[in-house]
Each structure stands twice: as C-alpha cells, then as structure tokens.
Amino acid sequence: MGHRQGSARPSRPDSFGDEGNDGLTPKGGKDRTGEDPNPLYQTLNDMADAAREGDCTFGDLVDRIGSRGFGPLLIFCAAIVMLPTGAIPGVPALAGGAIIVIAVQLLVGSGRPWLPSRLRRLTLSERKLDAAIEKGRPAARFIGAFVSPRAGALASGPVSLRVAALALLMAGLLLIPLGFVPLVPFLMGVPVLVIGMAMTARDGAAMVVGLLLFILPGWMLYRTLAPDIGMWIS
C-alpha cells in the first residue's frame, strides 16, 4: 500500500472521548465498564486508522473492525454507503456483497466474521475515505447518544439474530442491483447501521427499531421482484 510522502496530515481525534471531552465519556473513548460508548464513532476511528496508512483494501478495514464481531462490521458496511463514499461506483455493490456474506454467517451461527478474498482485495482511496470519515463524525456523535445496553436478549438472542440476518440478506440483495440509484444506498444503510449498533452495544430497543426500519426496503424489494415473480408463475 502506498504512503503519502512529504505532506503533513491533519491531526485526527483518536477516540470519541478525545474530541471535546464533555465529562460524560472518560478520555480514551470508553465508559467505566471498558466498552465503547459510541460504536459508530469507534468504527469511524478504526476506518481512520486504516486510512492513515494510504490507500487500503476492503480486507484491511475488515481486519481492523471485524475482530470486534459482526456488529462493528455491519456499521462499517452501512457507513461506506451512507457517507459520500457511497457515490463511488461499485462501493454499494461491494457493501451489499459483504452484508450478504455476514447475513449468511449469522444465519448459520458463525462465531467470527469472514469475507471472500475477492471482496478483501478491492481498494478504497485514502483521500475519499478520509474525507468521508470526517464528514460522518458529527452524525456519529449524535446517533451514538441514543444507544446504550438494554434488553440484551433482543439484541443477541438466537431468534433475534436470525430475524436480523434475514433482513440484512434482503438489504444486501437490494444494494447490488440498485446501489447506483440515488438515495437507495442511504435508505438501505440506515437499518443496517442501526442493527450493527444494536449488536455492538447489546441494545435490544435499537434492534427492534432497526428491524422496523426494514419495512421500506422490504416494500422496495417486493416492487422490484413482484413483476418477475408474476411472469415466472404465469
């Protein structure tokens, strides 16, 4: 991977707590239990760490984020389609493929995220990734304020995870063919983001909200496939 030579990079906060610590979050970005209080912001930090090293592959980002489980990886997939990077040709399809792979692993009860080598080798521009991350930080701070551990069984129970996996599978299948349509990547990304944050923070209320947000993508999938299904049946 290439490194940028002779140019000073602007300093970036290393964690949620380092940027204007307001006293609610200890410096260092973790709460008193040692958990990340804002999983979305922490995922952006992980992406920023990878971007510091130059153009990075999708696999580089997955290695940094996926070690913390499926939740942060879903947050990452949602973030790259909701941020300006989602306008880059091929990125929504890339994220959609990754979401499908994650959904299948959740359905079969896999314990650790895995992605095929073809997805891992795809490269993301350092400059575009860096700019998108910085634009997403204010929204990350705002969204993270509404997530906290509660009703953990709804966020991590086997039934909830499999229902979420089916919803995620639908989102991934929609992103691949429709990712180039304006606003579609964002609409697909929102429920994926909420479910990823729910899984990371063990927030059962957020899980329920995320599943309800899939009603619109479900309707879009029905409108997309219904004509073909009708022709096939007839």
Side-chain angles (χ1 to χ4, degrees), residues 39-40 42-44 46-47 49-51 55-83 85-125 129 132 155-181 184-202 206-207 210-211 213-214 217-218 220-221 224-225:
L40 175 55
Q42 183 59 44
T43 300
L44 291 182
D46 291 339
M47 293 169 64
D49 288 342
D55 291 354
C56 57
T57 66
F58 198 72
D60 294 330
L61 292 168
V62 168
D63 289 341
R64 287 182 179 272
I65 296 166
S67 62
R68 292 189 283 124
F70 291 101
L73 194 53
L74 287 171
I75 293 173
F76 162 65
C77 291
I80 64 172
V81 297
M82 295 175 67
L83 293 171
T85 47
I88 301 174
V91 168
L94 169 64
I99 291 170
I100 290 172
V101 173
I102 294 169
V104 171
Q105 292 176 76
L106 287 172
L107 280 173
V108 301
S110 177
R112 181 177 175 84
W114 170 89
L115 289 178
S117 58
R118 184 173 182 181
L119 287 176
R120 293 178 58 87
R121 288 195 300 266
L122 295 174
T123 301
L124 297 173
S125 164
L129 182 61
S156 58
V159 175
S160 296
L161 289 179
R162 281 164 175 77
V163 172
L166 292 173
L168 292 167
L169 186 61
M170 175 186 65
L173 290 171
L174 278 172
L175 274 171
I176 293 177
L178 300 179
F180 66 92
V181 180
V184 168
F186 186 86
L187 291 175
M188 296 298 105
V190 170
V192 175
L193 173 68
V194 175
I195 286 180
M197 294 184 69
M199 292 174 60
T200 304
R202 294 181 58 84
M207 177 66 82
L211 291 173
L213 288 173
F214 270 111
M220 293 176 62
L221 182 63
T224 301
L225 298 180

Which pairs of donor and acceptor atoms, one on a side chain in residues 86-109, lie under 3.5 Å apart (sequence neighbours left out)?
| unit_1 | atom_1 | unit_2 | atom_2 | d |
| --- | --- | --- | --- | --- |
| Q105 | OE1 | W114 | N | 2.9 |
| Q105 | NE2 | V101 | O | 3.2 |
| Q105 | NE2 | W114 | O | 2.7 |

Exercise for the section: Compare all side-chain heavy atoms of L175 with those of P185 and state whether any distance is below 4.5 angstrom. Expected result: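 The answer is yes, as the side chains (C-beta and beyond) meet within the 4.5 Å cut-off.
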Handout entry: Contact check, side chains of F70 and L161, non-hydrogen atoms, under 4.5 Å
Key =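 Not in contact.
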How long is the straight-line distance from [atom2] of [Y] back to [atom1] of [X], given to the nearest 0.5 Å?
X    : Y    : atom1 : atom2 : answer
R162 : L168 : CZ    : CG    : 13.5 Å
M170 : M188 : CE    : CE    : 7.0 Å
L83  : F186 : CG    : CZ    : 9.5 Å

Exercise for the section: With sequence neighbours left out, write down each residue that passes side-chain contact (heavy atoms from CB on, under 4.5 Å) with A155, or none if nothing qualifies. Expected result: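 For A155 there are no side-chain contact (heavy atoms from CB on, under 4.5 Å) partners, ignoring immediate neighbours.
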Residues 73-82, side-chain donor-acceptor partners within the protein, below 3.5 Å, at least two apart:
none

